[in-house]
Amino acid sequence: MENQTSASEFIFLGLSKDPQLQIFFFLVFSVIYLITLSGNLTIILVMRMDPSLYTPMYFFLSHLSFVDICYSTDIVPKMLADLLTKQNTISFVGCLTQMFFSLLLSVTEVFILSAMAYDRYTAVCHPLHYIVIMNKAICTYLVMGAWIMGALFAIINTVPTLTVQFCNLPEIRHFSCELPPLLKSSCSDTFLNNAILFSSVAIFGLGSFLPTLVSYIHIISTILKIHSAEGRSKAFSTCSSHLIVVGLLYMTGMTQYMKPSKISSITLDEVFSIQYSILTPMLNPIIYSLKNKEVKKALGKIFGSK
């Protein structure tokens, strides 16, 4: 039984053991993190400073930027510290805390994207009733619902992890405390934990994806009925940024958590994780600012006046 004592720390195997590659990764992810923080903070400030952006779409976008800041901050600073100090350890409590917030923020993000899809559906398919339907109370409830769904998902998967046994000094074949690689480092049976994870990902994933899919089926159907090419282009341009973000997140996130374990590989897992937890938070403000005329106009007014 002494050999089965619970571990108080975990060891991250990280992205690489090569010192030169570690320095390279440190520089690259430092730049990415700075871009993520500055880009998303800029989006939030612009939304607050420009009254013309006090609309439901930008209300959701500012909350998405806040989630992206938190999501990236939950993972990247610890990873950078590990790359710099080469002491790739984390306490049991620290690991569970990082995992909890990763689960919370990732699911909150997909439900906010689902709310944004509904907002675009209302704007394109019911433009005359848009202001009435997407009132301040509805927008607030949708954002609150996204956070509640994220909290439920995190609790459902974190609480069962407390009963998992980790022996001696377990190694996590990853750069952060994501649940799938964490369960693989256990020395006890994790069938129930994996079943809960797979089931909850399917339920919460489909719960956010299906409304998004239905919204865009109606949006595309409405756009195709527009006779002028200019009108179709204008209608689709309001949704293109959101479609890009949704595609990036769902393709990597859902694939990572729902793919069979037998086709799993450390490199593939790390690539997917980097995409949806590090790159997507950086790309979101870039995509929305570059593809959105109102955001570019607001940025021009704010920085141009100074």
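In what follows, residues are counted from 1 in the order of the sequence shown.
Under the 4.5 Å side-chain contact rule for hydrophobic residues, Leu27 and Met282 share a cluster. A single hydrophobic cluster is seen to contain both Tyr276 and Ile286, as judged by linkage of ILVMFWY side chains at heavy-atom distances under 4.5 Å, directly or through other members. Residues Tyr118 and Val214 do not share a hydrophobic cluster, defined by chaining ILVMFWY side chains whose heavy atoms lie under 4.5 Å apart. The cluster map of Ile, Leu, Val, Met, Phe, Trp and Tyr, joined by side-chain heavy atoms under 4.5 Å apart, puts Val110 and Phe209 in the same cluster. Using a 4.5 Å cut-off between side-chain heavy atoms of Ile, Leu, Val, Met, Phe, Trp and Tyr, with links allowed through other members, Leu13 and Leu84 fall into different hydrophobic clusters.
The closest side-chain heavy-atom distance from Met57 to Leu61 is not below 4.5 Å. Contact check for Gln98 versus Ser176: side-chain heavy atoms found under the 4.5 Å cut-off. Taking the side chain as every heavy atom from C-beta outward, Leu21 and Leu15 never approach each other to under 4.5 Å. Two residues are said to be in side-chain contact when any heavy atoms from C-beta on lie closer than 4.5 Å; Val46 and Tyr58 fail this criterion. Taking the side chain as every heavy atom from C-beta outward, Ile223 and Val124 approach each other to under 4.5 Å. Between Val246 and Tyr216, every side-chain heavy-atom pair lies at or beyond the 4.5 Å cut-off. Taking the side chain as every heavy atom from C-beta outward, Leu162 and Leu96 approach each other to under 4.5 Å. At a threshold of 4.5 Å between non-hydrogen side-chain atoms, the residues Gln20 and Ile23 do not count as touching.
Going from atom OG of Ser72 over to atom CG of Leu105 covers 10.5 Å, rounded to the nearest 0.5 Å. Here the straight-line distance linking atom OH of Tyr121 with atom CD1 of Ile217 works out to 12.0 Å at 0.5 Å rounding. Here the CZ atom belonging to Arg120 is positioned 10.0 Å from the CZ atom belonging to Phe60, to the nearest 0.5 angstrom. Atom CD1 of residue Ile138 and atom CG of residue Leu142 lie 6.5 Å apart, to the nearest 0.5 angstrom. Going from atom OG of Ser62 over to atom OH of Tyr54 covers 10.5 Å, rounded to the nearest 0.5 Å. Summarising the geometry, atom OG1 belonging to Thr108 is positioned 9.5 Å from atom CE belonging to Met149; distances are rounded to the nearest 0.5 Å.
Between Glu270 and Phe175, the closest heavy-atom pair is O-CE2, 3.9 Å. Smallest separation of non-hydrogen atoms from Ala117 and Ile219: O-CD1, 4.2 Å. What you find for Leu104 and Ala151 is that their closest heavy atoms are CD1-N, 3.2 Å. Of all non-hydrogen atoms in Thr73 and Pro77, the two that sit nearest each other are O-CD, 3.1 Å. Nearest heavy atoms, Ile75 versus Ser277: CD1-CB, 3.6 Å. Ser185 and Phe166 make their closest contact through OG-CE2, 3.6 Å (heavy atoms, listed as atom of the first residue, atom of the second, distance).
Side-chain N or O atoms of Thr158 include none that pairs as donor or acceptor with a backbone N or O of Ile155 at under 3.5 Å.
With a 6.0 Å radius and a threshold of 12 heavy atoms from other residues, nucleotides or ligands, Phe59 has its CZ atom above the threshold. Under a cut-off of 6.0 angstrom, the local environment of CG in Leu210 is crowded, with over 12 non-hydrogen atoms contributed by other residues, nucleotides or ligands. A 6.0 Å sphere centred on NZ of Lys17 holds more than 12 heavy atoms belonging to other residues, nucleotides or ligands. Around atom OH of Tyr130, more than 12 heavy atoms belonging to other residues, nucleotides or ligands sit under 6.0 Å away.
Pairs passing the side-chain hydrogen bond (donor to acceptor under 3.5 Å, both in side chains) check and including a residue from residues 191-207, sequence neighbours excluded, read Asn157-Ser200, Thr190-Asn194. Evaluation of the disulfide bond (SG atoms under 2.5 Å apart) test over residues 71-102, restricted to residues two or more places apart or in two chains, returns Cys95-Cys177.
The side chain to side chain contact (heavy atoms under 4.5 Å, CB included) test with Leu37 is passed by exactly one of Val76, Ile69, Thr42: Ile69. Remark: of the listed residues Ile44, Asp68, Val143, Val143 is the sole one forming a side chain to side chain contact (heavy atoms under 4.5 Å, CB included) with His63.
Judged as a salt bridge (Lys or Arg N to Asp or Glu O under 4.0 Å), and not counting sequence neighbours, the contacts of Asp82 are Lys78.
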For this session: Go through Phe153 and Ile203 one step at a time and tell me if the side chain to side chain contact (heavy atoms under 4.5 Å, CB included) criterion holds.
Result: CA-CA 10 Å; Phe153 182 80; Ile203 293 170; over 6 Å; no
Problem set entry | CA sep, side-chain torsions, deciding dist, call: Phe29, Ile274, side chain to side chain contact (heavy atoms under 4.5 Å, CB included) | CA-CA 10 Å; Phe29 289 113; Ile274 289 170; 3.9 Å; yes
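Inspection of the Ser186 and Gln165 side chains reveals no N or O donor paired with an N or O acceptor under 3.5 Å.
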